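Since we're looking at a predicted model, the values are computed, not measured.
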Amino acid sequence: MLVVRAITAGDLEALLDMATQVGSGMTTLKPDRKMLGDRVSVAVQSFAQTIAPEKRDYMFVMEDTSNGRMAGICAIKGAVGLDEPFYNYRIGTLVHSSRELDVFTRMETLYLSNDLTGSTELCSLFLHPDYRTGNNGKWLSKSRFLFIAQFPHLFTEKLIAEMRGFQEEDGRSPFYEGLGRHFFKMDFNHVDNLTALGKKSFIAELMPRQPLYVDYLPDDAREVIGKVHVSTAPARRLLEQEGMHYEGYVDIFDAGPVLQARVSELRALRDSTVVSAEVAALPMPGEPTLVSNTTLHDFRMIVASAAPAQGSIALSADELALLHCQAGDQLRTLSLNVRKNAHV
């Protein structure tokens, strides 16, 4: 059986192995022992509430309890850009006009921006290829929203998610080759690795502060602005179902879109319910439902084929054991799938 749970110090080796599967473009999951070791340490302190909320980095593991394997990983950073700069390009518009020549032009521009500093960030979503079946990816991604719904006071009002930008099959980033390489004079993967290790001062030192005209970029670079990596497209759809949307901010290296939402407007905040746990006498098949305990330091979540009714939800003894709960404990529930008549 699978369970999504708070990461522990003992997960580091499995996390390192998982990171070797990720590839380029995800700066928060590089196979670097010190970087990941530091992240796990911060995550453990985050769940223990021994550091300030804005410094927290909640990491979650999807574990296959039948063999102890790590099936996936995801995370929520309490706030970005407070210790080191957080850069994005904001897509803007400049108008040039001449009455004498009867010319009026609107041109898209890229502004180097720190506008999203202080936002809570969804990040580090990765599901091992062996587990990319059924609802696993959907569940892993959406688990973070139920955690936020249970503990909204720990997060800022604005939630963001940087999506991995488009790359060609050989790993080439058209946007980086058309823009970034001119300023950084190094390969995309090298820049990506520096950013992952927190070495970001070179961005401010080397990137131009004035607006960049999009029309000056090569065609293939312009075409991928705001476009996600092929393998990231499903993740984008899932986040949009939960209430996140694109507002014209992109990554400065690969131009992947940054999705945003107000925490208070997320589906999980609106539709999730707190109910009492009951032991099911017989299996009652139903729609898949996200079910979590309500414990911060030992947060755990499963998907159950059960639905809450009259203030309670009936789960099997095995399901309750996965949640480290027993009959009478409080649980938070949310339908895994967005109902067709729901508005997000």
Side-chain angles (χ1 to χ4, degrees), residues 1-23 26 28-33 35-48 56-77 122-151 231 234-235 238 268 277 288-306 313 315-326 329 331-334 336:
M1 298 179 74
L2 297 175
V3 63
V4 171
R5 59 168 175 79
I7 201 167
T8 67
D11 292 314
L12 178 57
E13 293 303 322
L15 181 62
L16 274 164
D17 184 61
M18 174 84 70
T20 64
Q21 302 271 337
V22 175
M26 189 182 292
T28 59
L29 271 185
K30 295 293 183 183
D32 180 278
R33 179 175 292 275
M35 185 193 82
L36 290 182
D38 290 344
R39 274 201 80 186
V40 171
S41 176
V42 170
V44 170
Q45 295 175 70
S46 300
F47 288 109
R56 294 180 189 174
D57 183 0
Y58 300 96
M59 298 183 73
F60 305 90
V61 167
M62 176 179 274
E63 179 188 353
D64 184 342
T65 59
S66 67
N67 54 25
R69 285 187 67 188
M70 183 181 291
I73 189 83
C74 63
I76 312 170
K77 289 193 174 182
L122 301 181
C123 60
S124 307
L125 177 69
F126 184 76
L127 184 64
H128 192 284
D130 291 350
Y131 290 89
R132 292 177 186 172
T133 59
N135 289 319
N136 292 348
K138 183 184 295 188
W139 166 21
L140 183 62
S141 176
K142 295 189 178 189
S143 63
R144 297 170 295 184
F145 293 102
L146 205 57
F147 183 82
I148 292 172
Q150 180 60 37
F151 308 105
S231 63
L238 291 177
T289 300
L290 294 169
V291 185
S292 77
N293 65 21
T294 56
T295 307
L296 177 59
H297 71 273
D298 185 30
F299 185 80
R300 300 173 74 87
M301 173 186 292
I302 62 170
V303 170
S305 294
I313 187 168
L315 303 176
S316 70
D318 287 343
E319 289 172 330
L320 287 174
L322 283 176
L323 294 170
H324 288 180
C325 288
Q326 56 189 4
D329 287 348
L331 303 174
R332 184 172 288 273
T333 70
L334 178 69
L336 177 65

Close side-chain approach of Val3 and Val61, heavy atoms under 4.5 Å: no

Could you grab the distance from atom NZ of Lys30 to atom CE of Met35, nearest 0.5 Å is fine? 8.0 Å

How many angstroms lie between atom CZ of Arg5 and atom OG of Ser292, to the nearest 0.5 angstrom? 15.5 Å

Is the shortest heavy-atom distance from the side chain of Tyr131 to the side chain of Leu140 under 4.5 Å? no

Are any non-hydrogen side-chain atoms of Thr295 and His324 less than 4.5 angstrom apart? no

Working to the nearest 0.5 angstrom, can you tell me the gap between Leu125 CG and Met62 CE? 9.5 Å

Distance (rounded to the nearest 0.5 Å) between Leu122 CG and Arg144 CZ: 4.5 Å

Flag side-chain contact, heavy atom, 4.5 Å: Glu13 against Met70: no

Distance, nearest 0.5 Å, that separates CG of Leu12 from CZ of Arg39: 12.0 Å

Just so I know, are the side chains of Ile73 and Ile7 near enough to count as touching, which here means a heavy-atom distance under 4.5 Å? yes

Would you mind telling me which of Leu322, Val291, Leu146, Leu331 makes a side-chain contact (heavy atoms from CB on, under 4.5 Å) with Met301? Leu146

Identify the two heavy atoms, one from Gly68 and one from Glu63, that lie closest to each other, and give their separation to 0.1 Å. CA-OE2, 4.0 Å

To the nearest 0.5 Å, how far apart are CG in Leu296 and CZ in Phe47? 7.0 Å

Evaluate the side-chain proximity of Leu15 to Leu29: yes if any heavy-atom separation is below 4.5 Å, no if none is. yes

Verify, without hydrogens or angle tests, whether Asn293 (side chain) and Cys325 (backbone) share a donor-acceptor contact under 3.5 angstrom. no

Test item: Phe145 and Leu290 side chains (from C-beta on) under 4.5 Å apart, heavy atoms: no

Option from Ile302, Asn135, Asn136, Thr65 for which side-chain contact (heavy atoms from CB on, under 4.5 Å) with Leu2 holds: Asn136

Once the angle between the rings of Tyr58 and Phe147 is folded into 0 to 90°, is it parallel (under 30°), tilted (30 to 60°) or perpendicular (over 60°)? tilted

Applying the salt bridge (charged side-chain N to carboxylate O under 4.0 Å, His left out) test to Arg69, which of Asp11, Asp130, Asp64, Asp17 qualifies? Asp130

